[in-house]
Amino acid sequence: IHVYPEHRDHDPERGDLIPANTPYMLISQGSSGSDQAHLEALAMILAAFRPDTKQRLRETGLIAPTVQMIYRRARVGVRSRAAYLSGGAHPTAFRASDIALARMVGLANSIGPGDIPPLVQLQVLEETQAVEGHDDFGEGLSERLFDTPSAIARIWRSRVGRRSMVVTAADTVDPNGRDLRFDWVLLRGDPDRVRIEPVTEDGRYARIEMDWQGPMPSPGAPDILSHRIDIGVFANNGVHDSAPAFVSVLLPHHEARTYETGADGVPRAVTTGGQATGGTYADPLLFPADPDGTR
């Protein structure tokens, strides 16, 4: 687990500039030194595990994801399973004021070696592919930012108004041999423009459909605008929910675009490109400028 201060990447002035959500790091709200309280909390969680549970975690390689689950599940304001399966429990940046050390220590100490939560493993089976020279700009530019077992990230560079993905968590195995059920939850984004449909009864497969959308307030930080869609995937073994896995899609907040819904119900671009007002910052590694400098 890595802990980094967000320093100017998550504030009201510039919004949420983090391109993807992952369960591999904790980003602290603030600048240098803001990470210290989170490091202390992680150390306290590690120290609170029962010896037999910690040994089992070592054997299964599940120390880090179990610590992530505990840290997120036992924060201030996360008092129920419903709260854990919501965007407020999985923000871009974590505030030190939301750390509840006593609850974190208590949850860590309560987990027996036979109750360890699983690690969700994702894989994309199908997804909308942009046609180079028609739907996107920039020779050889892909919309794929990264694929890892528990975090998938895309960048909405293309001009398409709707995109879909079929994602599976079929490789997820419970370390205790328990049956698993999966929840796919929209953590951030416009609920009217994102549709998630489980394909199988246990939720191991899901189809995700997303329409182009504008910025929305970040969960837990309404004064910070976010241009990212986050979908969380959770596996439950009947005792505990897992740490989240994420499917994230970053939209180009620096561009001015207009879409209208056609007769077939599909959003189609009316105007695309051009710089949004206010000199909005965009990472040039994520959104390279056109040669004419308009994007």
Side-chain angles (χ1 to χ4, degrees), residues 1-47 61-78 84 86-101 104 108 119-120 122 144-155 187-189 215 217-233 242-251 253-254 280-287:
I1 299 175
H2 304 270
V3 183
Y4 293 100
E6 53 82 18
H7 183 66
R8 301 284 293 159
D9 284 333
H10 190 261
D11 55 40
E13 289 74 28
R14 301 203 296 179
D16 183 353
L17 300 182
I18 307 298
N21 209 340
T22 80
Y24 308 125
M25 65 180 67
L26 297 177
I27 300 175
S28 60
Q29 184 66 46
S31 299
S32 297
S34 64
D35 55 339
Q36 294 302 302
H38 306 276
L39 291 169
E40 178 184 354
L42 297 178
M44 294 286 281
I45 293 170
L46 287 166
L62 293 175
I63 290 179
T66 303
V67 170
Q68 280 274 9
M69 181 277 287
I70 294 167
Y71 177 90
R72 295 164 184 264
R73 182 65 177 83
R75 290 170 56 242
V76 171
V78 187
Y84 181 63
S86 71
H90 311 284
T92 299
F94 292 85
R95 296 188 297 260
S97 59
D98 288 338
I99 294 173
L101 278 179
M104 293 176 180
L119 169 68
V120 176
L122 300 178
R144 176 180 177 270
L145 183 57
F146 58 74
D147 287 85
T148 70
S150 293
I152 293 167
R154 298 292 184 264
I155 303 175
L187 301 176
R188 73 172 62 201
S218 299
D223 57 337
I224 298 176
L225 286 180
S226 174
H227 291 74
R228 199 177 67 240
I229 299 168
D230 283 349
I231 294 167
V233 188
S242 67
F246 295 107
V247 178
S248 297
V249 180
L250 177 68
L251 290 93
H253 57 283
H254 64 294
T280 305
Y281 172 80
D283 188 330
L285 290 178
L286 300 177
F287 298 105

To the nearest 0.5 Å, what is the distance between [atom1] ([X]) and [atom2] ([Y])?
{"X": "Phe287", "Y": "His254", "atom1": "CZ", "atom2": "NE2", "value": "6.0 Å"}
{"X": "Leu187", "Y": "Ser218", "atom1": "CG", "atom2": "OG", "value": "12.5 Å"}
{"X": "Ile63", "Y": "Gln68", "atom1": "CD1", "atom2": "CD", "value": "13.5 Å"}

According to the side-chain hydrogen bond (donor to acceptor under 3.5 Å, both in side chains) rule, which pairs have a member within residues 88-100, sequence neighbours left out?
-> Asp16-Thr92, Arg72-His90, Arg75-Asp98, Thr92-Arg188, Thr92-Arg228, Arg95-Asp98
Tell me, please, which residues at least two apart from [X] pass side-chain hydrogen bond (donor to acceptor under 3.5 Å, both in side chains).
{"X": "Gln29", "answer": "Glu6, His10"}
{"X": "Tyr24", "answer": "Thr148"}
{"X": "Arg14", "answer": "none"}
{"X": "Ser34", "answer": "Ser28"}

Could you go step by step and tell me if Leu122 and Phe246 meet the side-chain contact (heavy atoms from CB on, under 4.5 Å) rule?
-> CA-CA 9 Å; Leu122 300 178; Phe246 295 107; over 6 Å; no
Results of salt bridge (Lys or Arg N to Asp or Glu O under 4.0 Å) for Asp11 - residues two or more places apart only = Arg8
What closest approach, in Å, do [X] and [Y] show between heavy atoms, and which atom pair accounts for it?
{"X": "Ala41", "Y": "Ile99", "value": "CB-CG2, 3.9 Å"}
{"X": "Pro5", "Y": "Gly30", "value": "CB-O, 3.5 Å"}
{"X": "Pro217", "Y": "Leu225", "value": "N-CD2, 4.0 Å"}
{"X": "Pro222", "Y": "Gly220", "value": "CD-C, 3.7 Å"}
{"X": "Ala153", "Y": "Ala20", "value": "CB-CB, 3.6 Å"}
{"X": "Ala100", "Y": "Ala74", "value": "CB-O, 3.3 Å"}

Checking Leu26, Val78, Ile1 against Tyr71 for side-chain contact (heavy atoms from CB on, under 4.5 Å), the one that qualifies is Leu26
Might you work through the side-chain contact (heavy atoms from CB on, under 4.5 Å) test for Leu17 and Asp283, ending with a clear yes or no?
-> CA-CA 8 Å; Leu17 300 182; Asp283 188 330; over 6 Å; no
Sequence neighbours left out, what passes side chain to side chain contact (heavy atoms under 4.5 Å, CB included) with [X]? Give chain and number order.
{"X": "Met44", "value": "Glu40, Leu101, Val105"}
{"X": "Pro12", "value": "Asp223, Ile224"}
{"X": "Leu39", "value": "Val3, Asp35, Gln36"}
{"X": "Asp147", "value": "Val124, Arg144, Ile152, Arg154"}

Do Pro19 and Leu145 touch side chain to side chain, with heavy atoms closer than 4.5 Å?
-> yes
Starting from the C-alpha separation in whole Å, work towards a yes-or-no answer on side-chain contact (heavy atoms from CB on, under 4.5 Å) for Thr66 and Ile45.
-> CA-CA 10 Å; Thr66 303; Ile45 293 170; over 6 Å; no
For side-chain hydrogen bond (donor to acceptor under 3.5 Å, both in side chains), just list the numbers for Ser248 and Asn21, CA-CA rounded to whole Å, side-chain angles, deciding distance to a tenth of an Å, and then say yes or no.
-> CA-CA 6 Å; Ser248 297; Asn21 209 340; 5.7 Å; no
Decide side-chain contact (heavy atoms from CB on, under 4.5 Å) for Tyr4 and Ile18; before the verdict, give the C-alpha distance in whole Å, the side-chain angles of both, and the deciding distance to 0.1 Å.
-> CA-CA 12 Å; Tyr4 293 100; Ile18 307 298; over 6 Å; no
